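Every chain is numbered from 1, with letters handed out A, B, ... down the list of sequences. None of these values were measured; they are calculated from a predicted model.
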2 protein chains.
Amino acid sequence: MSMDHRSGCPINLSLEVFGDRWSLIILRDMIFGGRRHFRELLNGSMEGIASNILADRLKRLMELGMLTKADDPSHKQKAIYSLTEMAITLVPILAHLGAWGRVWLPVSEELSIRAELLEKGGPPLWDKFMDELRHDHLGMPLDTPADATVRATLQAAYEAVVASKALAASPAA
Amino acid sequence: MSMDHRSGCPINLSLEVFGDRWSLIILRDMIFGGRRHFRELLNGSMEGIASNILADRLKRLMELGMLTKADDPSHKQKAIYSLTEMAITLVPILAHLGAWGRVWLPVSEELSIRAELLEKGGPPLWDKFMDELRHDHLGMPLDTPADATVRATLQAAYEAVVASKALAASPAA
DNA sequence: AATACTGATTGCATTTTGCAATCGGTTGCA
DNA sequence: TGCAACCGATTGCAAAATGCAATCAGTATT
C-alpha cells in the first residue's frame with residue numbers, strides 16, 4: 001500500500017480514487033452501458049476518451065481494486081474487464097450524482113432518462129441493479145431470478161427516448 | 001451559458017463541475033468545517049491547497065453558481081464566501097462519498113468520525129444539517145428551532161476523538 | 001511606527017492531459 | 001494465401017493544469 005495520501009479524510013481519499021475527469025466516466029459506461037472491452041469503452045463513450053488515457057485509467061482502476069481483467073475465451077487477444085464489489089457499490093453515488101446533475105445542470109433528455117429512472121426507483125432499484133451487476137461481473141447467483149432486469153429497463157427507456165426524438169425530427173418519414 | 005460540454009449526460013456534467021482534485025475539498029471544508037474566509041480555507045484544509053489554486057477554484061465555483069462572495073462588515077478587505085442552494089444539496093452526495101470511502105479506503109479514525117455520524121443519521125440528519133446550512137449561508141429561518149445543531153454535534157464528536165487520541169499518546173500526563 | 005493579517009497575484013518548474021499516429025498481433029473473409 | 005479490419009495498447013509531442021515560493025497593497029493590532 002502506498003502511503004502518499006494527502007490526508008486520511010474519507011472524502012479526500014475517495015477523490016483520490018475517482019476525482020478526475022475520466023475514471024468515473026469509464027465506470028459509468030461499464031456499469032450502465034454494459035461495456036466490457038477496450039474498444040467498446042473507446043468508441044462507446046460520448047465524451048470521446050483518448051486511447052492512451054483509457055489505457056492509463058484502466059490500469060489505475062485495476063491497481064486500486066476497482067476492476068479486474070481476464071482473457072476473453074472467444075478471442076485470443078481480447079481482454080474483458082469486470083467490476084469488483086468496490087466498484088459496484090458506487091451505484092448509489094452515481095445515482096445521486098445523476099439526480100443532482102438533472103436538477104442543476106443543462107442535461108440532455110435522452111442522456112438523463114437513466115438517471116431519472118434510477119432516481120424514481122430509489123434504493124430498492126439500486127439494490128436490484130447491483131445484484132445484477134454482481135451476477136454479470138462476479139458470477140454470483142441472482143437473489144431474485146427476475147424476469148425483467150433493471151439493466152434491460154434502463155436500456156429500453158433510453159432507446160425509446162432516442163426513437164421518439166428521431167420521429168419528431170422527421171415527421172414526414 | 002458556455003456550450004463547450006463534452007456531453008449532456010448528468011454524470012458527465014457533474015464531473016465537469018467538481019471532477020478535479022480540489023473543488024470538492026473546498027466545498028467539504030465550507031460545509032462541514034464552517035470555513036467562510038480565504039485564509040481559513042488556505043490554512044484549514046489538511047491537504048494543503050496552494051493559494052493560487054484556491055483563488056482559481058473559488059472564482060470558478062462562483063461562476064458555476066455554487067458560491068457567492070460578499071464583504072465582511074467587520075473587516076473592510078475581508079471577503080466572506082457563502083454556499084448556494086446548489087452547493088448545499090451536495091450534502092447527500094458527500095455523505096455517500098464519505099460512507100463509501102470509510103468502507104473501501106484507508107481512512108483515519110479522527111477524520112472519518114463525521115462521515116460515520118452522517119451515515120448513521122441518514123437522510124433525516126442530512127436534511128436537518130442542510131437546513132442549518134441554509135440558515136447560516138442563505139439567511140433562511142430554521143424549520144425547527146433546534147436546541148442542538150448537527151453542526152455542533154459533528155464538531156464535538158471530532159474533538160472527542162482527537163482528545164482521546166492525545167490522551168492515549170501521553171497516559172502519564 | 002512597526003508588525004501581522006487580509007484576499008489575492010506573479011513567475012516558474014514540474015506534472016498531467018489531450019491528440020494523432022502508430023504498433024505487433026489476431027481474426028474473418030475472399 | 002492474401003489482406004483488410006479489428007484487438008489492446010504505446011509513443012511522441014504540445015498544451016494545460018498543478019505546486020511552490022515569493023510578493024503585493026490594503027487593513028487591523030500593538
Self-check item: Out of dT17(C), dA21(C), dT27(D), whichever nucleotide has its closest atom nearest the side chain of Ser51(A)
Solution: dA21(C)
Practice problem: Output the single nucleotide from dG19(D), dA20(C), dA8(C) whose closest atom is nearest the side chain of Phe38(B). | Solution: dA8(C)
Quiz item: Whole Å only: how far is the CG atom of Leu41(A) from the P atom of dC7(D)?
Solution: 12 Å
Exercise. Consider the side chain of Tyr81(B), meaning its heavy atoms from C-beta on, and name the nucleotide among dG7(C), dG12(D), dT27(D) that approaches it most closely.
Key: dG7(C)
Exercise. Provide, to the nearest angstrom, the distance between the CG atom belonging to Asp72(B) and the C1' atom belonging to dA28(D).
Key: 13 Å
Exercise. Return the nearest nucleotide to the side chain of Ile53(A); candidates are dT17(C), dT18(D), dG7(C).
Key: dT17(C)
Quiz item: Do the side chain of Gln77(A) and the base of dG25(C) come within less than 3.5 angstrom through a donor-acceptor pair of N or O atoms?
Solution: yes
Self-check item: Nucleotide dT6(C), atom C1' - distance to CG of Leu42(B) in whole Å
Solution: 11 Å
Quiz item: When the distance from CZ of Arg60(B) to C1' of dT18(D) is rounded to whole Å, what number comes out?
Solution: 14 Å
Practice problem: State plainly whether one hydrophobic cluster holds both Leu138(B) and Trp100(A), where clusters connect Ile, Leu, Val, Met, Phe, Trp and Tyr through side-chain heavy atoms under 4.5 angstrom apart. | Solution: yes
Quiz item: Going through the distances and angles, do Trp104(A) and Thr89(B) end up as a side-chain hydrogen bond (donor to acceptor under 3.5 Å, both in side chains)?
Solution: CA-CA 10 Å; Trp104(A) 296 105; Thr89(B) 53; 3.0 Å; yes
Self-check item: Of the listed nucleotides dT17(C), dT26(C), dT27(D), the one nearest the side chain of Lys76(B)
Solution: dT27(D)
Quiz item: When you measure from the side chain of Trp22(B), which nucleotide among dG19(D), dC19(C), dT6(C) comes out closest?
Solution: dG19(D)
Quiz item: Within this structure, what is the CZ-to-P distance between Arg39(B) and dG26(D), rounded to whole angstrom?
Solution: 16 Å
Quiz item: Any salt bridge between Arg151(A) and Asp136(A), counting N to O under 4.0 Å?
Solution: yes
Quiz item: Is there a path from Trp126(A) to Met140(A) through hydrophobic residues (I, L, V, M, F, W, Y) whose side chains come within less than 4.5 Å of each other?
Solution: yes
Self-check item: Closest-nucleotide 5' rank along DNA chain C - winner of Ala50(A) and Ser74(A)
Solution: Ala50(A)
Quiz item: Taking the nucleotide of DNA chain C with the closest heavy atom to each, which residue, His75(A) or Arg57(A), is nearer the 5' end?
Solution: Arg57(A)
Quiz prompt | Min side-chain heavy-atom separation Tyr81(A)-Arg35(A) under 4.5 Å | solution = no
Quiz prompt | Whole angstrom value for the distance that separates P of dG7(C) from CZ of Arg35(B) | solution = 13 Å
Quiz item: Rounded to the nearest Å, what distance is computed from the CE atom of residue Met62(B) to the C1' atom of nucleotide dG7(C)?
Solution: 11 Å
Quiz item: Contact class for Lys59(A) vs. all strands (heavy atom < 4.0 Å): base, sugar-phosphate, or nothing?
Solution: nothing
Quiz item: From dG7(C), dT18(D), dA8(C), pick the nucleotide closest to the side chain of Lys78(B)?
Solution: dG7(C)
Practice problem: Calculate the interatomic distance between Asp56(A) atom CG and dT16(C) atom C1'; express it in whole Å. | Solution: 10 Å
Practice problem: State which of dT18(D), dT11(D), dG7(C) makes the closest approach to the side chain of Asn52(A). | Solution: dT11(D)
